[in-house]
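Here's the structure, in structure tokens; my notes come after.
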Protein chains: 2
Amino acid sequence: MGFILTYGTLAGMDASLRDRWLAQADRRLTGAGLRAGAARTGVVEFLARDGQCLLSAQEITDGVRARGAGSAASVYRVLDELFELGLLHRVDGRDGVARFEIADPEGHHHHVVDETTGEVRAFSDERLEEAIRAVGDRLGLRLTSHDVILRGVPAQAADVD
Amino acid sequence: MGFILTYGTLAGMDASLRDRWLAQADRRLTGAGLRAGAARTGVVEFLARDGQCLLSAQEITDGVRARGAGSAASVYRVLDELFELGLLHRVDGRDGVARFEIADPEGHHHHVVDETTGEVRAFSDERLEEAIRAVGDRLGLRLTSHDVILRGVPAQAADVD
DNA sequence: TTATATGCAAAAGCTTTGCATGGGT
DNA sequence: ACCCATGCAAAGCTTTTGCATATAA
């Protein structure tokens with residue numbers, strides 16, 4: 001049995017991203033000769049549903065546990081595998097906790113932290129990507145991945161000079 | 001007594017950056033009402049000399065210890081203070097270790113990791129900075145800080161398409 | 001059937017904290 | 001003198017690892 005499962009449509013979700021990711025996850029996991037055990041399946045299912053924003057291993061473990069299976073050890077192991085297979089993005093936070101989210105096979109995004117609330121928002125910007133590509137060229141590197149984290153506070157009218 | 005100390009010129013070092021940083025560190029530490037104890041002075045001195053590249057708390061502790069004073073606890077405390085005062089950049093690595101380097105009062109840089117060797121290089125790029133400023137504007141944020149980490153492998157002639 | 005996946009519990013590693021002592025101003 | 005800074009040791013966290021058991025293929 002593979003990792004592709006059926007879901008009802010969830011309100012507010014990008015169903016096509018979820019399906020694309022699930023299809024790719026299935027392909028790569030199967031291709032790597034990995035089996036569909038309870039923990040691995042649980043993590044993949046859970047992330048396909050709820051993994052479009054950064055989630056800690058703790059949160060993922062809770063989510064998987066709520067659906068019956070999973071343990072911290074297995075979740076960490078599965079997260080490592082998925083990351084190595086390029087199926088997840090990983091951001092190491094200032095709090096010493098690693099957070100993961102599903103990697104969109106087509107295009108990606110970055111994160112901005114609102115320092116007044118701690119809230120994390122996603123954004124994407126082609127001009128930024130282009131600038132990064134240019135840097136890679138200038139440095140003579142073939143870039144395999146990159147992270148951008150912005151931190152800021154809402155611009156009040158009073159802030160504008 | 002302040003935190004500004006005298007040093008001989010070190011080969012391969014950017015003496016002006018070191019001095020600028022030391023001056024600003026002295027100003028901000030004194031301004032914050034902090035005292036020049038052995039550990040704090042040791043960390044500031046050590047970083048002024050050797051802190052232009054990312055260093056772990058462990059490495060900093062070793063460096064400070066080699067000069068007589070310092071303990072892990074104090075180093076962590078001092079590093080936090082310096083970071084809060086905006087005197088250090090901090091990067092949280094994939095290995096779960098936080099690394100620090102002195103923040104240049106004028107201009108800053110980012111890092112690129114050579115995935116074949118693990119080696120970290122610094123770079124700066126005005127076009128990238130400009131793109132980031134534009135993103136902040138577009139999102140309605142006043143950016144307080146940002147990190148960029150690139151990962152890649154040396155571009156071989158064969159890679160070029 | 002056979003190698004792999006899982007889960008518990010213990011271990012490991014970085015970082016923080018409590019507390020008594022030493023030191024700056 | 002007074003309060004801050006320091007250092008040791010213990011505690012707190014996330015993450016990793018060992019090992020016996022369960023399970024996918």
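These numbers come from a predicted model, not from an experiment. Sequence lines set the chain letters: A, B, ... in the order given, protein chains first and strands last, and positions in each chain run from 1. Just so it is clear, the values below take in all heavy atoms, side chains as well, and ignore hydrogens, waters and symmetry mates.
- If you measure from atom CZ of B:F83 to atom P of C:dT16, you get 12 Å, rounded to the nearest angstrom.
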Are there any protein N/O atoms within less than 3.5 Å of an N/O atom in nucleotides 13-15 of chain D, and if so, which ones and at what distance?
{"unit_1": "D:dT15", "atom_1": "OP1", "unit_2": "A:A98", "atom_2": "N", "d": "2.8"}
{"unit_1": "D:dT15", "atom_1": "OP2", "unit_2": "A:Y76", "atom_2": "OH", "d": "2.6"}
{"unit_1": "D:dT15", "atom_1": "O5'", "unit_2": "A:Y76", "atom_2": "OH", "d": "3.4"}

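- Annotation: the terminal axes of the helix from C:dT1-D:dA25 to C:dT25-D:dA1 meet at 40°, where each axis is the rotation carrying the C1' atoms of four end pairs onto the next four (5 pairs per end, rounded to 10°).
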Expected string for nucleotides 4-12 of chain C under the B/S/- scheme (protein heavy atoms, under 4.0 Å, primed atoms plus P, OP1, OP2 as sugar-phosphate) is SSBBBB---

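- Side-chain heavy-atom separations under 4.5 angstrom define the hydrophobic clusters, and the remaining members of the one that includes A:L54 are A:V91, A:V113, A:V120, A:I149.
- Remark: the A:E101 side chain and the A:H111 side chain contain an N/O donor-acceptor pair separated by less than 3.5 Å.
- Taking 4.0 Å as the cut-off between side-chain N and carboxylate O, B:D104 and B:R20 count as a salt-bridged pair.
- Between the CG atom of A:D26 and the C1' atom of D:dA24 there is a distance of 15 Å, given to the nearest Å.
- With sequence neighbours left out, A:H108 forms a ring pair (Phe, Tyr, Trp, His ring centres under 6.0 Å) with A:H110, A:H146.
- Remark: A:R94 engages B:D147 in a salt bridge, criterion side-chain N to carboxylate O under 4.0 Å.
- Side chains of A:Q58 and A:T61: a donor-acceptor N/O pair is absent below 3.5 angstrom, by distance only.
- A donor atom on one side chain and an acceptor atom on the other are found under 3.5 Å apart for B:S145 and A:R151.
- What you find for B:F46 and B:G63 is that their closest heavy atoms are CE1-CA, 3.7 Å.
- Salt-bridge check for A:E130 with A:R127: failed, with every basic side-chain N at 4.0 Å or more from each acidic carboxylate O.
- With sequence neighbours left out, the side chain to side chain donor-acceptor pair (under 3.5 Å) criterion links B:E81 to B:R40.
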